[in-house]
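Please read the structure below before turning to the comments.
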Amino acid sequence: MSENHLAKLTEAIVQINMEEALEIAPRIIAGGMPALEILNGALVPALDRVGVLFRDGEYFLPDVLMCVSIYNQIFAQIEPDLKQGDYKSRGRVMLGTVKGDTHDIGKNILSALLQGNGFEVINLGMNVPPEVFLQKATETEPDVIGMSALLTTTMPEMKKTIDLFIKSGLRDRYKFVIGGAPVTQAFADQIGADGYGAEAQSGVDLLKQLLS
Ligand code: B12
């Protein structure tokens, strides 16, 4: 299975050709290509292109949702492979997409990769208010709290969440890491987060480093 097949898969997702996408993907998987390569070589690039089409007004929300639906069906096929790894219990990570934000694809990729790297993951889902991060943290005592935001308008919720922990006197119990397409290292520094990951794999490396 070659880069050509990955490109065809990307194209089928972008063109909302479910039949073709669901025909090519299992063949690539059966050919033995590692899940991470399929993810980074076809699925994520497809969503990137869909994002551009959406931004430029060529695709509308229903189109994006159709692409996401195809993406989800293929992700479900490679997820078990992403989660497979040597379990060493490197630490406990709580993940959530911040309040007002329902983008959870990137966070779920991070979750799968973390599990594959021996982390225990508590996934709070999407649209998580600061109070829920706080309540769940005191209930489950994670080592790290990871927040995701895809909208510039929801990024301030990350600061609100860290500020709530400061106000509650619990900030120093946890490490905070943040990510999502509009987030930057400068923003992480500005809001007092302990780290920022540009993509899921660097997020995993960051956590290994923070907990070593
Ligand atoms: C899919 C999608 C949707 C889907 C989401 C489905 C879902 N279940 O997630 C739907 C259709 C629901 C949607 C809705 C909307 N969307 Co939208 N969406 C996208 C799209 C096309 C892809 C996002 C994505 O999944 N990317 C792929 C993943 C893998 O990338 P990622 O999330 O960045 O994650 C990676 C890294 O950032 C990192 N990471 C992510 N989180 C974390 C966390 C930590 C701790 C770490 C370390 C790392 C990390 O790891 C990941 C893997 O490498 C983007 C365009 C784009 N290319 O980003 C627009 C985009 C994000 N959406 C946008 C908009 C405007 C909206 C809507 C407001 C549209 C509307 N008018 O209703 C709504 C908002 C809904 C809401 N309240 O949240 C804009 C945002 C503009 C902005 N600057 O704020 C974008 C950029 C599109 C555009 N070009 O205009 N969207």
Side-chain angles (χ1 to χ4, degrees), residues 39 43-44 47-48 50-52 54-55 61 64-65 67-69 71-72 75 79 82 91-115 117 119-211:
L39 182 70
L43 302 192
V44 172
L47 290 179
D48 279 344
V50 170
V52 172
F54 179 55
R55 184 199 62 204
L61 265 187
V64 180
L65 283 170
C67 294
V68 170
S69 159
Y71 164 94
N72 278 334
F75 184 71
E79 194 179 15
L82 286 176
R92 185 180 287 184
V93 186
M94 197 171 85
L95 292 180
T97 301
V98 297
K99 184 179 170 188
D101 203 318
T102 60
H103 293 88
D104 67 350
I105 294 172
K107 168 186 65 64
N108 291 342
I109 293 174
L110 178 64
S111 170
L113 284 189
L114 284 171
Q115 290 176 63
N117 279 273
F119 290 91
E120 186 188 337
V121 176
I122 302 151
N123 194 335
L124 300 183
M126 53 174 96
N127 194 14
V128 182
E131 300 74 26
V132 174
F133 274 109
L134 183 68
Q135 186 204 332
K136 294 288 177 191
T138 50
E139 279 171 24
T140 60
E141 287 302 335
D143 303 294
V144 179
I145 298 173
M147 293 186 278
S148 182
L150 264 285
L151 298 171
T152 44
T153 49
T154 57
M155 283 167 63
E157 292 297 327
M158 295 176 154
K159 175 165 167 32
K160 284 189 195 160
T161 304
I162 294 179
D163 287 349
L164 182 63
F165 277 76
I166 295 174
K167 212 171 127 199
S168 311
L170 297 172
R171 167 65 182 90
D172 295 336
R173 271 207 214 173
Y174 314 100
K175 301 274 185 210
F176 282 87
V177 297
I178 61 171
V183 177
T184 60
Q185 181 63 55
F187 181 71
D189 295 340
Q190 193 188 316
I191 67 168
D194 299 292
Y196 151 75
E199 27 76 43
Q201 188 53 53
S202 52
V204 172
D205 295 341
L206 171 70
L207 261 73
K208 283 183 183 166
Q209 191 194 320
L210 283 174
L211 296 182

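Throughout, numbering of the chain's residues begins at 1 and tracks the sequence. Not measured: the values here are computed from a predicted model.
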Show the atom names and distances, to 0.1 Å, of all donor-acceptor pairs under 3.5 Å that link a side chain in residues 105-113 to residues at least two apart or in another chain.
from, atom 1, to, atom 2, distance (Å)
K107, NZ, N123, OD1, 2.8
N108, OD1, N123, ND2, 3.2
N108, ND2, D104, O, 3.2
N108, ND2, D104, OD2, 3.4
S111, OG, Q115, NE2, 3.1

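A pairwise comparison of heavy atoms in G195 and A188 identifies O-CB, 4.3 Å as the closest pair. Of all heavy-atom pairs between D194 and Y174, the closest is OD2-O, 3.9 Å. What you find for L151 and H103 is that their closest heavy atoms are CD2-CE1, 3.7 Å. Considering all non-hydrogen atoms of both residues, L134 and S168 come closest at CD2-OG, 3.5 Å. Scanning all heavy atoms of the two residues, the minimum distance from A149 to T154 falls at CB-OG1, 3.8 Å. Among all heavy-atom pairs drawn from Y196 and Q185, the shortest one is CD2-N, 3.5 Å.
In this structure, L43 CG and D48 CG are separated by 11.5 Å, a value rounded to the nearest 0.5 Å. Atom-to-atom distance recorded for L95:CG and M126:CE is 13.5 Å, nearest 0.5 angstrom. In this structure, CD1 in I162 is found 15.5 Å from NZ in K167, a value given to the nearest 0.5 Å. The distance from atom CD1 of I191 to atom CZ of F176, rounded to the nearest 0.5 Å, is 9.5 Å. Atom OG of S202 is separated from atom CG of L207 by 10.5 Å, given to the nearest 0.5 angstrom.
Using a 4.5 Å heavy-atom threshold, the side chains of K175 and D143 count as separate. With a 4.5 Å cut-off on side-chain heavy atoms, L164 and K160 do not count as touching. You'll find the side chain of M147 reaches within 4.5 Å of the side chain of T161, heavy atoms only. Side-chain contact between M94 and T140 is present, with at least one heavy-atom pair separated by less than 4.5 Å. Side-chain contact between V68 and V64 is present, with at least one heavy-atom pair separated by less than 4.5 Å. With a 4.5 Å cut-off on side-chain heavy atoms, F187 and I178 count as touching. Counting heavy atoms from C-beta outward, E199 and V44 have side chains that stay 4.5 Å or more apart. In this structure the side chain of I145 reaches within 4.5 angstrom of the side chain of F165, judged on heavy atoms.
Between the side chains of Q135 and E139, at least one donor N or O lies within less than 3.5 Å of an accepting N or O.
Side-chain N or O atoms of D101 include none that pairs as donor or acceptor with a backbone N or O of S148 at under 3.5 Å. Between the side chain of R173 and the backbone N or O of A137, no donor-acceptor pair lies under 3.5 Å. Formation of a donor-acceptor pair under 3.5 Å by the N127 side chain with backbone atoms of K99 is not found in this model.
The local environment of NZ in K208 is crowded, with over 12 non-hydrogen atoms from other residues, nucleotides or ligands closer than 6.0 Å.
Classification of the Y71-F75 ring pair by plane angle, with boundaries at 30° and 60°, yields parallel.
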